[in-house]
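I have placed the structure first, in the form of structure tokens, so that the comments after it can refer back to it.
Both backbone and side-chain heavy atoms feed into the values below; hydrogens, waters and symmetry mates do not.
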Amino acid sequence: MRQQGTRRTVLVRRGLAVAAAGALAVGGLTACGSKNQVPSIGYGVDAVIASYNGSSTLGANSGAAAVFSRVLTGFFYTGPDGQPVADTDTGTAKEVPGDAQTIQYRLNPDGVYSDGTPTSCDDLVLAWAARNGRFTKAGPGGPIPMFDAASTDGYRDIERVDCQAGSKDATVVFRPGKHYSQWKTLFNADEMMPAHTIANQLKLPNVVTAVQTGDQATMERIADFWNTGWNLTSGKADLTVLPSSGPYRIESFTDKDGLVLVKNEKWWGNAAATPRIVVWDKHSDLKAKLSDKAIGVLDIGAGSLGDVNLSGFSKENLPGRGVEQLTLSTGGVLANANARKAFALCVPRQALFDKFGHPGYDVKSGLGAGLANSRTVPQDSLYYSSIVGPADKYKGGDPGIVTAASSSGIQNQTVRIGYVKPDDRRAQTVAAIADACKAAGITVVDAGAPDFTAQQLADGKVDAILGGDAGMPGPSGSLAETDAIAALRTGSGVNFGRYGNGRYDAIADQLASEDNSSTVLNLLTEQENLLWGDMPSIPLFAGPRTIAFGDGMENGIASPTRAGAGWNMDRWVLKR
């Protein structure tokens, strides 16, 4: 049951979203009485700008969707309630009848990148090749994926993408017997990368031919660029490889001036309403930027900045679609499932929710109401209350924790919890866990750092990540829960704990196409029992977000999802 839809009324058309209370006239600088439109808006968000490529492990985990959804467009984007919304400026997608699930994609005839190259189905072929898991290379223990994709969900079920290089049309055909009900989450904003950039950089005629022939050497070169060629380093942004397919394009990226997005002159849809957006990410001093009045929109984890003055803003605290959780290693001191369960027993989940889980709001039902007792099923799902019974024993403060810790071998061990600093709420959370676990003889160490990355969990440098879905530091979650599901799948790029269970994978695959409610309920019940038995992560609560719009802002619509408040930044107008 949806709980969030009544919170706001939104009109959505061709990527244009405005509050029903007052539409704006799109154009250049305008005056309204004594107020003038501000030509540049600062956007403070606790994502970490690390990659232009939102489909890569680095891009997905660092929060590319919250920054680049209106720079790199797709056939759908994540709307404010977490739902996929069609972006007909990019093109159209429709499911057609047939023995195999088939989707016809048609790109807008007027579509062109900011570098003058027309959009084409080559981009769909590249996205599929990168995320279908079929292209491998030799590794130390056998074949390993060429592409460092965040997830293969949905894409691995696609048999082929019919595309003539340079064409505006593509037909996506799924494998026989496969049906992916969440197909609208494929080929989306911030995930469809410019294939022509790779072709130009590698001096190839096109990417399509390389994928169709499967030439190993060429595909390895393509994968190498896809993996790292779009990484972003402050002061070193190569704009020649960063063309835009949306209303904004990147102008520059430096520590001093932030990530500067400017109006894309070649955008064929409704022009961006504000000429310039400056993104300040988690590595910026957001408190100082607020004091300097450099921020007009703020989207952060509630309490992450501690005491902060938000006078001059309209602020809302609300539960996010991402689950604040501890993602656990399946190696080191937590290699044994019993050790992970013993650690979960000492984590004071109920006390953490009471103190940190609902700041400034008290939700009676649905999203944000009490502990989040599932990693993959949202609290406002009709199935939720029927399947989360196994979580009852893990509210914290269990009197048997000392015995459990001793028998599992975790007693007198140290658990290192990492997260991206600065973050006052997460620092306090780790301190509370450390205090609670002390009685069981478990030492908890705050391993947070400004340069922390989720990869440190996979590398064994920490034992747990405190973050959102897939270890994200900032905005996370969607209605489809695709990131949360992928974070537990064997071999998934965002499965940083390296958890693997073939039965979980099989259940996830079946749920992707199952529409019988009784079968779904049985599968979800089995899944919850399995996950609470294996304990690859410890869900805490719906990650609380603080979203604030400066006084005078028009069309600011809160989105506590992976796309963040910036989901419709091209409609923002700030008048002062």
Listed partners of V520 passing side-chain contact (heavy atoms from CB on, under 4.5 Å), at least two apart: Y383, L511, E514, L524
What residues, two or more places apart in sequence or in another chain, satisfy side chain to side chain donor-acceptor pair (under 3.5 Å) together with R503? E526
Is the distance from the ring center of Y105 to that of F75 below 6.0 Å? yes
Contact list for residues 464-481, test side chain to side chain donor-acceptor pair (under 3.5 Å), sequence neighbours left out: Q325-D469
Under 4.0 Å between a Lys/Arg side-chain N and an Asp/Glu carboxylate O for R571 and E554? no
Pairs of donor and acceptor atoms involving the side chains of residues 528-542, under 3.5 Å and at least two apart or interchain, shall be tabulated with distances.
unit_1	atom_1	unit_2	atom_2	d
E528	OE1	W532	NE1	3.3
E528	OE2	S374	OG	2.6
N529	ND2	T525	O	2.8
W532	NE1	N373	O	3.3
D534	OD2	Y499	OH	2.6
D534	OD2	N501	ND2	2.9
S537	OG	R375	NE	3.0

Less than 4.0 angstrom from a charged side-chain N to a carboxylate O is my criterion; do R70 and D190 meet it? no
When T57, N227, N53 are each screened for side chain to side chain donor-acceptor pair (under 3.5 Å) with D148, the one that passes is T57
Indicate whether the side chain of S329 and that of D463 have a donor and an acceptor atom separated by less than 3.5 Å. no
Distance flag, aromatic centroids of F187 and W128, threshold under 6.0 Å: no
Residues in side chain to side chain donor-acceptor pair (under 3.5 Å) contact with R489, at least two apart in sequence or another chain: D153, D509
Residues in ring-ring contact (aromatic ring centres under 6.0 Å, His included) contact with F68, at least two apart in sequence or another chain: Y52
